[in-house]
Amino acid sequence: MSQRSTSSRTSQRRLKSWLFLAAAVIVFLGVVIFAQASMNSGNGSFGAAAKQGAAAADGSGADTGAGDSAAPTGFETRDPADPMAIGDADAPVVLVEWTDMRCPYCAVFNQETLPTIVDEYVEAGKVRIEVRDVAFFGEASETASVAARAAGEQGRFMEYLDAVYAAAPAEGHPDLPADQLIGFAEEVGVPDIAKFTADLEDPALRAAVQQSTATAQQAGVTGVPFFAIGTDALSGAQPIDAFRGFLDAAIEAAPDSAA
């Protein structure tokens, strides 16, 4: 075989290799572009809000269970009897909050931002807050949510959340053993502690927590705290001014707003 023939075949093999590599790159880029387009326009996602949630998860105070967050729409219920909500059921705006009892950023929001929102918006009749619990950090999170729901059965859900988050460590996920959960109930004045203690083993309450978690995950909520108003979302323990802008825009756009 001549040297020229060998060189020609070598060149052909190199060309085929480069063509194969180029085709693979084109296919890969096509998949990426398609995935991004699907995430921005698919069912139950917020598009730009999902990107905002991802950014918040890295540096703005969101705790993630499994990746970025993009919440669904239509989660408000406006049920006047909902023990996991505060504010007028007929308020112009409903802020839905996803929270995990062991999430340190949820504690930061509850301690530093929620009181101002309640004072400026909830008590003024402009906003209602509806809480959706999730258990992203194991069985201890699930049991803590059961405890909060048990307190809610006796009219102390929001007070119970306040107590749990007030006792949260500066960082990391608290253990929240059963005796501490019972102590929180005593602290916030749950009337029947014996019933509360029994309710910690209530399979119906645990199933409700598991269902709430599964529903959130199926909808794309994987980082907490996470907030939604209709089709708009905000992720992480953002500064109060971020919430003011978020809420004010929703109130202005609400058809029943007096503003």
Side-chain angles (χ1 to χ4, degrees), residues 53-54 56-69 71 75 83-86 95-115 117 129-153 156-188 190 196-197 199-228 234-238:
D58 283 336
S60 300
D63 209 348
T64 58
D68 301 340
S69 297
F75 262 63
M84 298 169 64
I86 54 173
L95 177 69
V96 179
E97 174 194 358
W98 284 265
T99 192
D100 186 304
M101 304 290 286
R102 299 178 66 218
C103 163
Y105 294 118
C106 297
V108 170
F109 167 77
N110 186 273
Q111 294 173 37
E112 298 182 2
T113 308
L114 181 60
I117 294 176
I129 299 175
E130 296 182 355
V131 177
R132 305 288 180 262
D133 54 357
V134 295
F136 287 163
F137 304 109
E139 186 176 352
S141 286
E142 189 173 287
T143 301
S145 281
V146 169
R149 285 176 176 259
E153 294 280 301
R156 295 289 191 278
F157 179 82
M158 297 302 295
E159 294 85 351
Y160 196 86
L161 257 62
D162 288 344
V164 172
Y165 288 140
E171 59 184 25
H173 305 107
D175 293 333
L176 299 178
D179 59 343
Q180 189 175 20
L181 295 175
I182 295 170
F184 290 137
E186 294 171 340
E187 177 184 336
V188 302
V190 170
F196 172 88
T197 303
D199 284 345
L200 292 179
E201 305 298 329
D202 186 344
L205 291 181
R206 188 167 295 273
V209 174
Q210 293 169 345
Q211 181 59 55
S212 181
T213 302
T215 299
Q217 290 174 324
Q218 290 164 7
V221 180
T222 56
V224 285
F226 197 86
F227 309 87
L234 187 68
S235 178
Q238 302 282 350

- Message: What I'd like to find out is whether the side chain of D202 reaches to under 4.5 Å of the side chain of E153, using heavy atoms alone.
- Response: no
- Carefully, step by step, assess D133 and V209 under the rule side-chain contact (heavy atoms from CB on, under 4.5 Å). CA-CA 7 Å; D133 54 357; V209 174; 3.8 Å; yes
- Which atoms form the tightest heavy-atom contact between Y105 and V224, and what is the distance? CB-O, 4.4 Å
- Under 3.5 Å, is there a donor-acceptor pair between the side chain of S141 and the main chain of D100? no
- Item | Atom of E130, atom of F75 and distance for their closest heavy-atom approach | OE1-O, 4.0 Å
Only pairs under 3.5 Å count here: list side-chain donor-acceptor contacts from residues 180-187, not counting sequence neighbours, and write none if there are none.
none

- Identify the two heavy atoms, one from F226 and one from G223, that lie closest to each other, and give their separation to 0.1 Å. CB-O, 3.3 Å
- Starting at CE of M101, measure out to OG1 of T99 and round the result to the nearest 0.5 Å. 7.5 Å
- Is a side-chain donor or acceptor of N110 paired with a backbone partner of Y165 at a separation under 3.5 angstrom? no
- Looking only at heavy atoms, what is the nearest atom pair of E97 and I129, with distance? OE1-CG2, 4.3 Å
- Donor-acceptor pair, T213 side chain versus A135 backbone, under 3.5 Å? yes
- When rounded to the nearest 0.5 angstrom, what distance separates CG in D175 from CZ in R102? 6.5 Å
- Message: Can you confirm whether Q111 is buried at CD, in the sense that more than 12 heavy atoms of other residues, nucleotides or ligands lie under 6.0 Å from that atom?
- Response: yes
- Item | Side chain R132, main chain W98, donor-acceptor under 3.5 Å | no
- Starting at CG of L114, measure out to CD1 of I86 and round the result to the nearest 0.5 Å. 5.5 Å
- Separation between OG (S212) and CD (Q217), nearest 0.5 Å, reads 10.0 Å
- What's the shortest heavy-atom distance between P83 and F157, and which atoms? O-CB, 3.2 Å
- Closest approach of V134 and S145, non-hydrogen atoms and distance? O-OG, 4.0 Å
- Task: May I ask you to check whether R206 and T143 show a side-chain donor-acceptor distance below 3.5 Å?
- Result: yes
